[in-house]
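So you know, we letter chains A, B, ... as the sequences are listed, proteins then strands, and number each from 1.
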Amino acid sequence: MLLVATTVAACGDGQDDGAKVSAPKAPATIPELTKDPLTLSFIWFDWPPAHALEAFANAEYKKERPNATIKVNTVPNANWHDAMFTQFAARKTDFDIAILDSQHIGEAVTNGNILDLTDFVKSNIDVNAYNPYLLAAYGQFPQAETGKRDENASLYGLPLLGDTWTMIYRKDLIGDKPPQTWDEMISVAGKCQAENPGVSGLAFHQANGSDAAAVTYNTVNGVYGGNLWDPKTRKIQGVLNDAAGHEAMDVLVNKMKPLTAKGSGNWFIDEVNAAVAQGKACIAFNWIAASGGLLDPKQSTLGTTREQILDKLGFATLPSQKTNLVPLGGMGMHVSAYSSTANQAEALNFMKWFERADIQKKWAAAGGVPARTDALESPEFLNAGPFNQVYADSVPRMRDMWNVPEYARLVDIENTNVNAALNGAKKPKDALDDIAKEQQSVLDSSGRKGGGGL
Amino acid sequence: MSDPVPLTTDDPGQVASATPPAPGRSRRLGDRGLAVAFISPALLLLLAMSVFPLLWALYLSFTDYSATRGGPANFVGFGNYTAILTSAQVHARALTTLVYVVGAVSLQTGLGFTIAYLISRRTHGRGALTTLFLVPMMLSPVVVGLFWRFMLDAQFGVINSMLGSVGLGQVEWLTRQRTALVSLIVVDTWQWTPFIMLIALAGLTAVPKYLYEAASIDRASEWFRFRTITLPLVWPLLLIAVLFRAIEAFRLFDLVYILTSGGPGVSTETLSFHVYKVAFLGFNTGTASAYGILMVLVVVVLTQLYLRYLNKLKEG
């Protein structure tokens with residue numbers, strides 16, 4: 001471990017890059033493209049949309065650029081951040097386009113790891129075609145406040161895949177009408193669990209890897225009127241752990257957790273899907289982009305055809321309570337600053353192609369979740385899956401997390417503490433207070449010399 | 001005109017001594033040169049892959065350098081070391097690591113020695129049994145982790161299924177504070193008990209048979225033979241095995257990463273896992289380097305003390 005860390009640091013030769021504190025600019029116009037065979041590499045985590053992207057891009061982009069091959073390199077979700085940023089640290093990447101989570105942008109921009117696409121976007125992309133919040137979330141830094149994209153801010157990425165949570169419910173167990181409020185949902189889940197031995201009331205993300213448990217808490221925090229921080233003052237302490245925050249943690253740990261399956265404290269995307277597919281959950285929450293497999297009869301015990309499964313499964317937007325906020329998921333495409341000139345040019349050309357209205361509709365039909373409003377509202381998207389209407393309805397309700405360079409440490413603190421509370425290793429109140437205290441310490445100590453990072 | 005050189009001779013050695021090679025003309029390497037030539041590639045590799053990073057880490061440990069942020073590495077003196085040594089988080093991880101090391105190594109030693117002792121008493125099938133017991137050790141820790149993750153799953157795992165079939169309730173092996181660390185110890189024991197067994201078996205088979213023969217002539221009991229012959233002769237070898245296993249257990253990372261991700265919360269987060277987070281989540285390279293150096297120092301100091309004890313034992 002030590003050797004890896006130090007070798008990366010040594011290879012990084014950071015002392016020579018002292019002056020480079022912001023992202024290098026991409027050209028406004030796409031440079032001349034090569035006619036030689038070229039492989040355009042992406043890096044993403046291993047999930048169905050990654051494989052769908054590779055198949056879609058090779059089928060469609062090749063029609064325009066026959067010499068280009070698209071390769072989507074995948075890593076386990078838990079390694080996703082590390083796999084990208086260790087290569088960034090070495091100032092050499094084996095990918096041309098990094099698919100960054102919206103919260104990773106700050107770290108990549110301040111370290112100069114990705115290209116500034118502002119001029120390129122102005123010349124090549126119709127920014128008005130997008131929901132402003134989605135465009136800002138996947139590309140802008142510093143982060144926009146909810147719903148207000150800063151027209152003058154720089155853009156470092158373009159949307160690849162939009163996403164949010166959908167509520168998955170068993171129509172055959174709780175009825176056709178999904179619960180409308182969070183409290184009602186808990187009540188319905190409790191009743192369903194009591195009436196159906198072997199089936200748990202709820203299934204949701206609780207693991208302490210990636211952003212699993214953190215997003216779960218953030219979602220409940222949002223619907224119960226809490227805030228994650230005050231971005232203007234960079235205050236977390238006293239904001240996250242205010243009365244609304246504590247109520248959200250209490251609901252999560254004391255009302256929702258008892259309705260989950262025993263030992264589900266390390267569940268993430270796959271485990272929740274497995275519980276739904278095996279008929280072991282009345283109501284579940286999962287990312288829309290990861291829900292396609294639920295309709296595959298080969299993976300489900302709910303029916304032998306897609307129609308039979310859909311007779312039992314319903315998909316709805318998240319219930320609201322004091323607010324109607326839903327978590328923002330999805331990712332954007334970002335060009336590696338260390339990619340070769342020819343590949344950077346190809347990457348820009350790909351992004352311009354991918355963001356076209358007709359391609360976005362095709363991407364939606366292929367299983368993608370678009371961010372362009374026209375594609376979102378298109379029949380190609382809305383008819384492609386039973387949860388796509390859920391996404392379209394959820395877009396105006398989205399809330400993201402903090403997009404700051406310290407994101408990776410902030411989310412780790414939240415994950416481990418929420419996971420501890422969910423698994424009885426910490427009292428809910430202590431867990432929330434510890435999150436606020438430790439996260440504030442990370443924000444306050446950023447830039448401090450020595451001893452940081454523990 | 002020089003003298004003609006004979007083409008053949010009955011005594012080549014004599015000719016060689018009679019006509020020594022002119023200085024500077026020979027391209028043959030001496031023993032020393034040959035040794036240097038053979039060792040150099042390995043030495044250079046060692047320097048590049050181990051010594052240089054270690055020295056580089058030592059330098060970085062006194063700075064605030066971050067591998068991703070770049071920029072100059074500012075000297076911060078012992079700031080990183082002070083922060084680590086006074087951090088409550090590090091103390092908690094150290095305690096977790098200590099419990100794990102002591103628990104796992106003790107269990108492995110006891111089990112490994114017992115299995116080795118039982119195998120050594122067999123005359124038939126000893127080789128086959130030894131090979132069978134060695135299988136877990138041959139597997140990659142990642143494979144072992146994934147394998148046991150499925151086995152220990154509270155909902156779908158084989159272990160809980162077996163417990164259920166005998167009327168016992170489900171156990172949340174990996175998601176409860178008490179059982180998660182125990183699970184790690186059990187899995188590590190499953191994989192590494194064969195290592196102790198192998199070394200103990202080597203020690204047991206090396207005990208001279210005449211000692212047992214003499215003891216049996218004196219009608220010594222089985223326990224007496226074990227206590228006065230077997231154990232004292234195998235003990236030093238066993239202690240070396242314990243040393244290797246303790247060092248390895250101290251560095252535990254893979255099983256934690258796969259099985260629990262340090263959870264629930266941070267209750268199974270070992271020092272190695274924590275330094276990984278410091279190094280790669282926050283990219284606080286300077287702090288992570290100091291952390292790594294401290295871990296190396298702890299291992300070196302404890303090993304030295306242990307080796308001194310071993311030497312005393314040998315002298316005794």
Segment of B:T260 engaging chain A (4.5 angstrom heavy-atom cut-off): backbone
Using a 4.5 Å cut-off on heavy atoms from C-beta on, say whether the side chain of A:N266 contacts that of B:R149. yes
Chain B contact via A:N79 - which portion, at a heavy-atom distance below 4.5 Å: both
When you compare the side chain of B:N160 with that of A:K262, does any pair of heavy atoms fall below 4.5 Å? no
Region of B:S87 in contact with chain A, defined by heavy-atom distances below 4.5 Å: side chain
To the nearest 0.5 angstrom, please state how far the CD atom of A:E271 sits from the CD atom of B:Q155. 11.5 Å
Rounded distance [0.5 Å steps], NZ in B:K277 versus OG1 in A:T416: 5.5 Å
Is chain A contacted by the side chain of B:F156, its backbone, both, or neither, given a heavy-atom distance below 4.5 Å? side chain
Of all heavy-atom pairs between A:N423 and B:R176, which one has the smallest distance, and what is that distance? O-NH1, 2.9 Å
Name the orientation class of the two ring planes belonging to A:H81 and B:F283 (parallel below 30°, tilted from 30 to 60°, perpendicular beyond 60°). tilted
Most heavy-atom pairs under 4.5 Å with chain A, out of B:A180, B:S66, B:G265, belong to B:G265
Note: B:A154 and A:G263 closest approach over all heavy atoms is CB-CA, 3.5 Å
Only pairs of heavy atoms separated by less than 4.5 Å count here; which of A:A425, A:G424, A:G265 has the most with chain B? A:A425
Is B:Y257 close to chain A through its backbone or its side chain, or both, or neither, when contacts mean heavy atoms under 4.5 Å? side chain
Report yes or no: does A:R409 contribute a side-chain atom to a donor-acceptor pair with the main-chain N or O of B:L281 at less than 3.5 Å? no
Given heavy-atom pairs under 4.5 angstrom as the criterion, report whether the side chain, backbone, both or neither of A:A78 touches chain B. both
Which atoms of B:R93 are under 4.5 Å from chain A, going by heavy atoms: the side chain, the backbone, both sets, or neither? neither
What part of A:Q206 lies closer than 4.5 angstrom to a heavy atom of chain B: side chain, backbone, both or neither? neither
Quick check on B:Q89 against chain A: is it the side chain, the backbone, both or neither that has a heavy atom closer than 4.5 Å? side chain
